[in-house]
Amino acid sequence: MPRCWLFKSEPDAFSIDDLAACPKKTSGWDGVRNYQARNLLRDEVKKGDVVIFYHSSVRPPAAVGVAEVVKSGYPDRSDGSTESDPPRWFQVDLRYRAHLPEPVTLEAMRSKKALENLLLLRKGNRLSILPVENKEFQAIIRAGGLDPAKFLS
DNA sequence: GCCAACGTTGGC
DNA sequence: GCCAACGTTGGC
């Protein structure tokens, strides 16, 4: 069973539509400059895992789609570092899977019993990459109008 | 190692 | 634009 994650993105910078428009619908998820998130990208997020794509800093903030990890963590050189430098930041590659027919807003997530422990809803949470429980993933995808089983094979 | 100052995130 | 809640930096 793949693990489930939630990746935040400001759609003005990189949206789910941008991902869907990439060649092979695939893009490197670079630019993460937070050590906790870096550790997840380096050590935990694996090829085959599923990702809820979340739009932040827009109204309303919402889960808008699903992606899959097609490449596990590897060095992110978007800071200008080179092969010879020890890697400081890491990225994974994501491939677009689907839009949620009904985006699931932050407010809607707060109102769901199945999501009461969702890390995204924790006060003060600022991590841009969050682990999501399998049942939480299912609840969000179902609320968004899709069958979660389609992504959990 | 402490902690004040500063920067960033992100909902509202 | 505001501001709470962080994370980071750097002087000591």
Side-chain angles (χ1 to χ4, degrees), chain A residues 3-22 26-46 49-69 71-146 148 151:
Chain A
R3 291 186 72 183
C4 304
W5 306 93
L6 183 145
F7 282 28
K8 294 181 192 172
S9 185
E10 298 189 18
D12 288 348
F14 191 79
S15 71
I16 182 91
D17 294 326
D18 293 329
L19 180 62
C22 284
T26 297
S27 174
W29 198 264
D30 62 7
V32 173
R33 296 293 182 264
N34 169 283
Y35 288 106
Q36 209 178 331
R38 186 278 308 268
N39 293 345
L40 293 174
L41 288 174
R42 186 187 58 194
D43 305 328
E44 306 284 343
V45 181
K46 296 298 180 188
D49 288 353
V50 286
V51 171
I52 292 170
F53 202 112
Y54 176 85
H55 281 171
S56 66
S57 296
V58 285
R59 299 184 44 155
V64 294
V66 185
E68 66 176 322
V69 179
K71 186 174 179 181
S72 301
Y74 64 100
D76 170 3
R77 299 302 186 178
S78 64
D79 60 355
S81 66
T82 63
E83 285 286 318
S84 57
D85 299 313
R88 184 176 186 197
W89 304 114
F90 282 77
Q91 65 181 317
V92 299
D93 285 355
L94 285 192
R95 180 146 79 105
Y96 169 86
R97 291 293 305 275
H99 278 67
L100 293 177
E102 298 282 342
V104 185
T105 65
L106 190 62
E107 185 184 19
M109 289 190 252
R110 285 192 202 285
S111 70
K112 291 203 178 303
K113 178 77 171 159
L115 300 178
E116 61 185 352
N117 293 320
L118 189 69
L119 291 177
L120 180 70
L121 306 182
R122 285 251 184 96
K123 184 177 179 181
N125 150 68
R126 283 174 34 183
L127 252 197
S128 62
I129 291 172
L130 299 164
V132 173
E133 295 295 324
N134 195 280
K135 68 162 195 172
E136 294 169 339
F137 176 84
Q138 296 193 40
I140 293 168
I141 300 306
R142 211 173 286 122
L146 295 180
F151 306 105

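The basis for the numbers below is simple: all heavy atoms, side chains too, and nothing from hydrogens, waters or symmetry mates. Note on naming: letters A, B, ... go to the chains in the order of the sequence lines (proteins, then strands), and numbering restarts at 1 for each one.
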Quickly work out the [X] [atom1] to [N] [atom2] distance and round it to whole Å.
X        : N      : atom1 : atom2 : answer
A/Lys123 : B/dC12 : NZ    : C1'   : 14 Å
A/Asp12  : B/dG11 : CG    : P     : 13 Å
A/Glu107 : B/dC12 : CD    : P     : 8 Å

Could you please name the option among B/dG10, B/dC12, C/dA4 that lies closest to any side-chain atom of A/Ser56?
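Looking only at heavy atoms from C-beta outward on A/Ser56, the closest nucleotide is B/dG10.
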Can any side-chain N or O of [X] pair as donor or acceptor with the backbone N or O of [Y] at less than 3.5 Å?
X        : Y        : result
A/Arg38  : A/Val32  : no
A/Asn125 : A/Leu127 : yes
A/Asp85  : A/Thr82  : yes

Ring center gap for A/Phe53 and A/Trp5 short of 6.0 angstrom:
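When the ring centroids of A/Phe53 and A/Trp5 are compared, they turn out to be at least 6.0 Å apart.
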Name the pairs: protein N/O against N/O of nucleotides 7-9 of chain B, kept only if under 3.5 Å.
| from | atom 1 | to | atom 2 | distance (Å) |
| --- | --- | --- | --- | --- |
| B/dT8 | O2 | A/Arg126 | NH1 | 3.2 |
| B/dT8 | O2 | A/Arg126 | NH2 | 3.3 |

Is it true that A/Lys113 and A/Glu116 make a salt bridge, defined as a side-chain N closer than 4.0 Å to a carboxylate O?
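Salt bridge present between A/Lys113 and A/Glu116.
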Table please: side-chain donor-acceptor pairs of residues 54-63 of chain A below 3.5 Å, with sequence neighbours left out.
| from | atom 1 | to | atom 2 | distance (Å) |
| --- | --- | --- | --- | --- |
| A/His55 | NE2 | A/Ile16 | N | 3.2 |

